[in-house]
Amino acid sequence: QVQLVESGGGLVQAGGSLRLSCAASGRTFRSYAMGWFRQAPGKEREFVAGINWSGSTTDYADSVKGRFTVSRDNAKNTVYLQMNSLKPEDTAVYYCNVGLRYWGQGTQVTVSS
């Protein structure tokens with residue numbers, strides 16, 4: 001009965017920003033690492049960003065460092081991905097992940113040239 005629901009995806013122009021949210025329900029995940037993966041058409045799913053249970057440690061793919069910021073609010077059981085300076089190559093379906101075990105259904109992010 002665990003449910004992870006992503007929101008905030010959409011269509012933006014290159015250079016624009018989006019903020020993705022992933023709200024978890026069914027149980028509390030404050031002790032779990034949380035993060036984001038993405039999958040572009042014809043490509044494998046890849047790691048984007050992660051954050052440990054306390055928010056003290058973050059990790060990013062080289063392709064998004066300096067542009068994306070992952071954060072979490074354990075009181076709300078939610079993880080966020082702030083995406084700035086978006087590029088067309090960021091276009092993908094973005095998936096929320098908790099503890100490398102639970103997955104959201106994905107939200108589409110499309111960045112136009």
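- Note: the hydrophobic cluster containing V12 also contains F68 (ILVMFWY, side chain heavy atoms under 4.5 Å, direct or indirect links).
- A heavy-atom distance below 4.5 Å is not found between the side chains of Y80 and T69.
- Using a 4.5 Å cut-off between side-chain heavy atoms of Ile, Leu, Val, Met, Phe, Trp and Tyr, with links allowed through other members, Y32 and V2 fall into the same hydrophobic cluster.
- The cationic atom of R38 (NZ for Lys, CZ for Arg) does not lie both less than 6.0 Å from the six-membered ring centre of Y95 and within 45° of the ring axis.
- By the 30° and 60° cut-offs, the orientation of the rings of F37 relative to F47 is perpendicular.
- Atoms OG and NZ, from S63 and K87 in turn, are 8.0 Å apart once rounded to the nearest 0.5 Å.
- No side-chain donor-acceptor contact under 3.5 Å links E6 to the backbone of C22.
- Under the 4.5 Å side-chain heavy-atom criterion for Ile, Leu, Val, Met, Phe, Trp and Tyr, L86 and V64 are members of the same hydrophobic cluster.
- Contact annotation: the side chain of M34 never approaches that of N52 to less than 4.5 Å [non-hydrogen atoms, C-beta and beyond].
- Under the 3.5 Å distance criterion, with hydrogens and angles disregarded, no donor-acceptor pair is assigned to the side chains of T78 and D73.
- Side-chain contact check for T110 and Q108: at least one donor-acceptor pair (N or O, by modelled atom type) lies under 3.5 Å.
- With a 6.0 Å radius and a threshold of 12 heavy atoms from other residues, nucleotides or ligands, E44 has its CD atom at or below the threshold.
- L18 has its side chain within reach of V109: a pair of non-hydrogen atoms, C-beta onward, lies under 4.5 Å apart.
- Within the 4.5 Å cutoff, no side-chain heavy atoms of Y60 are placed close to those of V48.
- Contact detail for L81 and A49: the closest heavy-atom pair is CD1-CB, 4.0 Å.
- Contact detail for P88 and S113: the closest heavy-atom pair is CG-OG, 3.7 Å.
- L20 places a side-chain heavy atom less than 4.5 Å from the side chain of W36.
- Using a 4.5 Å cut-off on side-chain heavy atoms (C-beta onward), T28 and N77 make contact.
- Here the shortest heavy-atom pairing between S17 and S85 reads OG-N, 4.3 Å.
- Heavy-atom minimum distance, R27 versus Y102: NH1-OH, 3.7 Å.
- Contact record, L4 with A24: CD2-CB, 3.3 Å, taken as the closest heavy-atom pair.
- Heavy-atom contacts from other residues, nucleotides or ligands closer than 6.0 Å to CD of E46 number more than 12.
- Using a 4.0 Å cut-off between charged side-chain N and carboxylate O, K65 and D62 make a salt bridge.
- You'll find the side chain of S71 reaches within 4.5 Å of the side chain of R19, heavy atoms only.
- Side-chain atoms of N74 and R72, non-hydrogen and from C-beta on, do get closer than 4.5 Å to each other.
- With values rounded to the nearest 0.5 angstrom, S25 atom OG is found 5.5 Å from Q3 atom CD.
- With a 6.0 Å cutoff to the six-membered ring centre and a 45° limit on the axis angle, R45 counts as a cation-pi contact of W103.
- Judged purely by atom type and a 3.5 angstrom limit, T91 uses its side chain to pair as donor or acceptor with the backbone of V111.
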